[in-house]
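The structure appears right after this line, and notes come after that.
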Amino acid sequence: NQVYRRGGGGLKSPIKWMLEHRIYMDYNATTPLEPEVIRVVSEALQDAWGNPSSSYIAGAKAKAMITEARENVARMVGGKAEDIIFTSGGTEANNLVLHTAVEHFWRSCGDWQHDGSRGRPHIVTSNVEHDSVKLAAEQLQRDDVTFVCVSKLTARVEVEDVVAAVRPNTCLISVMLANNETGVVMPVREICQRIGALNRKSDRLKILLHTDAAQALGKIPVDACELGVDFLTIVGHKFYAPRIGALYVSGPGTRTPLYPMLFGGGQERNFRPGTENTPMIAGLGKVRFLLRVCRWDVHLVARLYKKHFTAAVFKDKIRFNSHYPGSDVLPNTCNVSILGPTLQGDVSHRAGGYCPTARGCWPSHILLSCGVPSEVAANALRLSVGRGTTTADVDAVVEDLRETVQLLEEKD
Ligand SMILES: Cc1ncc(COP(=O)(O)O)c(C=O)c1O
Ligand SMILES: O=C(O)CC[SeH]
């Protein structure tokens, strides 16, 4: 889904249509690789096939590419090379953070006189996180997780609510930097400032701070030091890099604890062993040189959405699900519902688009958590643009949506 026909014309077989005319509007789901990235991946496959732990030339070339990529990824998030641990993707990186926080609690507080609630590690997160945080937290600490509800006015998790959720046994606060469905940017920096002050003034176990930056990198500036986090998740396939991830850790194993989930040959300083995926790592490092351009492009095109949608095209038939006064939103993301009693669930199906209801499941719990009425969430479309999106694409998609609404109304 999230693929539209370019221009008008009669019905084509979906496959033929997909092959001939498609406009991609789901960059928050995943992005195509930039040609430069593909070139570097191919070069690594061709010339750096050696084992990075081996001393001969092919191994040395691989090790050199990994070292360069680590430095580039570190610069992307304002860290140092030693702060970067490569993982298979964002899911692994997020799980590694939660595993580390719980493990650190037990290793640090094993001798506590437990008075019931104080005896188990407590995790604070939001109720709009990606499943790789939500389900991992539930799995690790079923009864000791507080899912702080986002405000229905701002779709943001509020700092005071996060602080109020802290308990004596809280070991981790994890709040995503930007939400994948609404695009709303969370107040991570402010949360880290408040919790940092709490950590400094009490002799309690330090509360570790994590943000999942999967949806933010490549769209808004991301600086782990400025945010004040201990951990930051990086997901390559969200910003034109290959399907690989990385975890930023502020001083892994020294300033910040990091306990492995895997055990093996010592790679990644034993934090994440396994022979390195040189081509994917090289591709991830290459993207650093592309990020600056991306933000400018998508911002302009995303602004165009709003002009189009608020124009006469849809009149009162549209509701912005990602427009909350006072909240910052990713410049490339536009979540809208097209309204009308007969349109419930149809528009999403016919028009395509990232929408859980298209898979026959219930409206997105994330939109419901943000205060979007159920019947409106049932028609939600998340449109997310990227480097390849043009204004002509936006015009074509808006026209397609207009035609869809018209067709459905005529059907009525
Ligand atoms: C916000 C967010 N976090 C984490 C992930 C998981 O990353 P990966 O697919 O690389 O495991 C995704 C999407 O895939 C995501 O959108
Ligand atoms: O928001 C997305 O499309 C990523 C879900 Se994994």
Side-chain angles (χ1 to χ4, degrees), residues 66 69-70 73-74 76-77 79-108 120-126 129-142 144-145 170-177 180 188 192 205-217 222 224-225 227-238 241-277 280-281 284-285:
I66 291 170
R70 197 184 308 275
V73 173
M76 269 189 238
V77 296
K80 302 186 187 73
E82 60 264 28
D83 297 335
I84 301 300
I85 309 294
F86 291 113
T87 65
S88 59
T91 296
E92 180 184 348
N94 286 339
N95 275 261
L96 183 53
V97 171
L98 277 84
H99 163 81
T100 285
V102 170
E103 183 67 20
H104 185 60
F105 178 92
W106 290 123
R107 291 176 184 233
S108 309
R120 295 164 48 84
H122 173 242
I123 294 170
V124 175
T125 186
S126 81
E129 299 292 317
H130 185 264
D131 278 350
S132 58
V133 169
K134 174 178 181 285
L135 299 180
E138 288 173 347
Q139 180 64 27
L140 280 167
Q141 293 304 117
R142 194 170 308 285
D144 296 278
V145 185
T170 301
C171 63
L172 173 73
I173 292 175
S174 175
V175 175
M176 68 193 336
L177 193 46
N180 45 316
V188 171
C192 290
L205 175 74
K206 180 188 175 193
I207 300 171
L208 297 169
L209 296 159
H210 167 240
T211 190
D212 174 354
Q215 293 291 345
L217 265 169
V222 175
C225 297
L227 288 170
V229 292
D230 299 305
F231 306 97
L232 184 142
T233 295
I234 297 159
V235 182
H237 72 95
K238 303 292 184 180
R243 297 270 160 80
I244 189 168
L247 183 64
Y248 160 87
V249 187
S250 175
T254 55
R255 202 171 35 252
T256 303
L258 186 62
Y259 298 107
M261 294 190 294
L262 306 172
F263 299 88
Q267 296 86 353
E268 292 299 278
R269 292 162 279 168
N270 274 307
F271 292 124
R272 205 284 183 182
T275 302
E276 299 88 341
N277 189 338
M280 298 300 108
I281 290 171
L284 183 62

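From a predicted model like this one, the values you see are computed outputs, not experimental measurements.
A distance of 9.5 Å separates CG in Leu227 from OH in Tyr248, rounded to the nearest 0.5 Å. One distance of note links CG of Leu98 with CG of Leu140; it measures 6.0 Å at 0.5 Å rounding. In this structure, the separation between CD1 on Ile84 and OG1 on Thr87 is 10.5 Å, given to the nearest 0.5 Å. Distance CZ/Phe105 to CD1/Ile207: 11.5 Å, rounded to 0.5 Å. Here Thr254 contributes atom OG1 and Glu82 contributes atom CD; the two are 8.5 Å apart, rounded to the nearest 0.5 Å. One finds the CZ atom of Phe86 at 6.0 Å from the CG atom of Leu284 (value rounded to the nearest 0.5 Å).
Taking Thr170 as the reference, His122 meet the side-chain hydrogen bond (donor to acceptor under 3.5 Å, both in side chains) condition, with sequence neighbours excluded. Residues satisfying the side chain to side chain contact (heavy atoms under 4.5 Å, CB included) criterion with Thr100, sequence neighbours excluded, are Leu96, Phe231, Pro257, Leu258, Tyr259. In terms of the side chain to side chain contact (heavy atoms under 4.5 Å, CB included) criterion, residue partners of Pro242 (sequence neighbours excluded) are, by chain and number, Leu33, Val37, Val41, Met280. Partners of Glu276 by salt bridge (Lys or Arg N to Asp or Glu O under 4.0 Å), not counting sequence neighbours: none found. With sequence neighbours excluded, no residue satisfies side-chain hydrogen bond (donor to acceptor under 3.5 Å, both in side chains) with His99. With sequence neighbours left out, Ser174 forms a side-chain hydrogen bond (donor to acceptor under 3.5 Å, both in side chains) with His210. With sequence neighbours left out, Asp83 forms a salt bridge (Lys or Arg N to Asp or Glu O under 4.0 Å) with no residue at all. Taking Ala216 as the reference, Leu177, Ala178, Ile220, Val222 meet the side chain to side chain contact (heavy atoms under 4.5 Å, CB included) condition, with sequence neighbours excluded. Legend: residues meeting side chain to side chain contact (heavy atoms under 4.5 Å, CB included) with Cys192, ordered by chain and number and at least two apart, are Val188, Leu209, Val229.
In terms of modelled atom types and a separation under 3.5 Å, the side chain of Thr256 and the main chain of Pro252 share no donor-acceptor contact.
In this structure the side chain of Val145 reaches within 4.5 angstrom of the side chain of Thr125, judged on heavy atoms. With contacts defined as side-chain heavy-atom distances shorter than 4.5 Å, the pair Leu217/Val235 does not qualify.
Nearest approach of Pro273 to Gly264, heavy atoms of both residues: CG-N, 3.4 Å. Contact between Ala101 and Leu172 at its shortest, heavy atoms only, is CB-CB, 3.6 Å. Between His104 and Leu208, the shortest heavy-atom contact is CD2-CD1, 4.3 Å. Contact between Ser132 and Ala136 at its shortest, heavy atoms only, is O-CB, 3.4 Å. For Pro121 against Trp106, the heavy-atom pair with the smallest separation is CD-CZ2, 3.3 Å. Considering all non-hydrogen atoms of both residues, Ala81 and Ala74 come closest at N-CB, 3.6 Å.
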Task: Chi angles and distances behind the side-chain contact (heavy atoms from CB on, under 4.5 Å) call for Met176, Gln215 - done: CA-CA 9 Å; Met176 68 193 336; Gln215 293 291 345; 5.6 Å; no
Open item on the list: The test is side-chain contact (heavy atoms from CB on, under 4.5 Å); show your working for Met261 and Asn95 and say whether it passes.
Closed with: CA-CA 9 Å; Met261 294 190 294; Asn95 275 261; 4.0 Å; yes
Open item on the list: Show, in sequence, the C-alpha distance, side-chain angles and deciding distance for Ile234 and Leu247, and conclude whether the side-chain contact (heavy atoms from CB on, under 4.5 Å) test is met.
Closed with: CA-CA 6 Å; Ile234 297 159; Leu247 183 64; over 6 Å; no
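In this structure, Gln139 places its CD atom where only 12 or fewer heavy-atom neighbours from other residues, nucleotides or ligands lie under 6.0 Å away.
Residue pairs that meet the salt bridge (charged side-chain N to carboxylate O under 4.0 Å, His left out) test with at least one member in residues 132-141, sequence neighbours left out, are Lys134-Glu138. Residue pairs meeting the salt bridge (charged side-chain N to carboxylate O under 4.0 Å, His left out) criterion with at least one partner in residues 243-260, sequence neighbours excluded, do not occur; the list is empty. Among residue pairs with one or both ends in residues 261-275, those qualifying as salt bridge (charged side-chain N to carboxylate O under 4.0 Å, His left out) are Arg70-Glu268, Glu92-Arg272; sequence neighbours excluded.
With 3.5 Å as the limit, one finds no donor-acceptor pair spanning the side chains of Asp212 and Thr233.
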